[in-house]
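What's counted below: heavy atoms across the whole structure, side chains too, no hydrogens, waters or symmetry copies. Here is how names work: the chains are called A, B, and so on, in the same order as the sequence lines, proteins then strands, and each is numbered from 1.
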Number of protein chains: 2
Amino acid sequence: MARRNDHTREELHELALSAAEEILQTRGVQALSTRKVAAAIGYSAGSLYSVFSNLDDLCWQLNSRTLNELMAALKAVKVASPKTSLYAYADTYLAFAARYPERWRLLFEHRSSDSNRLPAELALRIESLFELIEKALSDLFQDSAEVIAVRARVLWSGVHGIAQLRSGDKLFLHQADAERKMLDALIEGLLSGWSLEAERDA
Amino acid sequence: MARRNDHTREELHELALSAAEEILQTRGVQALSTRKVAAAIGYSAGSLYSVFSNLDDLCWQLNSRTLNELMAALKAVKVASPKTSLYAYADTYLAFAARYPERWRLLFEHRSSDSNRLPAELALRIESLFELIEKALSDLFQDSAEVIAVRARVLWSGVHGIAQLRSGDKLFLHQADAERKMLDALIEGLLSGWSLEAERDA
DNA sequence: GCATGTAATTGAACACTGTTCAAAAAAGGA
DNA sequence: TCCTTTTTTGAACAGTGTTCAATTACATGC
């Protein structure tokens, strides 16, 4: 068998990516293999190499999709007050990490063997995520862009850290509404702490 | 060849673990294979199975070692004021993550295929880490144990999040002393925010 | 010293993995 | 119809985790 022309290059690309996503979500990263993806779409493993340079490449493109979806969810957040926006961003992020744990983990666990740098496309999207937070923070504080940038990353590190420790069952916090309480302590704490700093400087 | 009796079971165990650690640190997780570990200590791959139940088990034990070392470093921190202690804990953690990036990553990335639960031994050590933070926080705030527990985890999520985003080059913060500034914003912000909350409630 | 049992170690085997590439076959053009 | 181009395969290679019969050396009893 050869040359069936069942699908265009683009269709094959999309098909493979969707199948890979499905395998990733349902059976985890360790089950994500070229042969399984190929079998799922009725092609041979070799065919994937006409559409991806290798499995690493496929993973990067999976991450690109995931980040796309995550960013869309974040950008769909209704911007009300800066504070409620920040809460909504955090909620959305935690919800996404909980709904798609494997895809979300791959976002941080995937590294290329040869070069550790992440593709420029992904980098841009991450920067635009920080811009969302920075925007909300600039409405709250009159500090320099540098200070705002630091604070946005600190706030996000906190949210991300909560997501990661929870995802790995490493929180050991056996309380009701633990997540809500943590988000409250983080956001409320940081915002009022930074406000206080502004008052002191004035 | 068979039955050389060069090493006792315990020696073989220790030898293999050290070799695995070396490979992990120098060549990354992906290079960590039974055959490479075995070759490094002059044994065959099958021999490892008399000392570890499988590669997963070896990884858990590697993580146990890493967590041991990390906890020792944290417990060696001179406890001065609560605040300086918290700073020192955070510094120590970030320094450890920077010095042993691969070992530190394995701590969070390793999951068994069959069961996702982490061994009880590791869980205990993580809880004792949180206890360090809780102790420092109880000296600062008169809140309930539940509130302290939440705050300890929030603070640590922040420190951990910074470590992880930095380790994956996902911070995009091109400033001098970025790490110091972030730690300042996190710890100073949270502590003064939580203090303010206490004043309000009083 | 010698047989016997026991414990350690290997190497081959099996079923996987990513990746490459000659060969085959179908589509499209002249 | 012939020829070229493109698509697709399947075999091959080197690597992986894991199991297990076979082998060898040590320890014990006589």
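Closest non-hydrogen pair, A:C59 versus A:L106, comes out as O-CD2, 4.4 Å. What you find for A:I41 and A:A19 is that their closest heavy atoms are CG2-CB, 3.6 Å.
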Decide salt bridge (Lys or Arg N to Asp or Glu O under 4.0 Å) for B:D91 and B:R180; before the verdict, give the C-alpha distance in whole Å, the side-chain angles of both, and the deciding distance to 0.1 Å.
CA-CA 9 Å; B:D91 280 334; B:R180 178 93 267 126; 3.5 Å; yes

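Under the 3.5 Å distance criterion, with hydrogens and angles disregarded, a donor-acceptor pair is assigned to the side chains of A:S64 and A:R125.
Using cut-offs of 30° and 60° on the angle between ring planes, the pair B:W194 and B:F141 is perpendicular.
Sorted by first and then second residue, the ring-ring contact (aromatic ring centres under 6.0 Å, His included) pairs with a member in residues 64-88 of chain A form an empty list; sequence neighbours excluded.
Proximity of A:R4 to the phosphate of D:dT9: a side-chain N or O atom is located under 4.0 Å from OP1 or OP2.
Taking the six-membered ring where the residue is Trp, the centroids of A:W156 and A:Y93 are separated by under 6.0 Å.
Atom CG in B:L55 sits roughly 17 Å away from atom P in C:dT17 (whole-Å rounding). Between the CG atom of B:L48 and the C1' atom of D:dT16 there is a distance of 14 Å, rounded to whole Å. The nearest whole Å value for the distance from the CD atom in B:Q30 to the C1' atom in C:dT17 is 14 Å.
In terms of position on DNA chain C, the residue among A:S53 and A:A31 whose nearest nucleotide sits closer to the 5' end is A:A31.
Applying a 4.0 Å cut-off to non-hydrogen atoms, the residues of residues 6-17 of chain A that approach DNA chain D are A:D6, A:R9, listed by residue number. Within residues 32-45 of chain B, the residues approaching DNA chain C are B:R35, B:G42, B:Y43, B:S44, by heavy-atom distance under 4.0 Å.
Geometrically, A:R153 does not engage B:F172 in a cation-pi contact defined by less than 6.0 Å to the ring centre and at most 45° from the axis.
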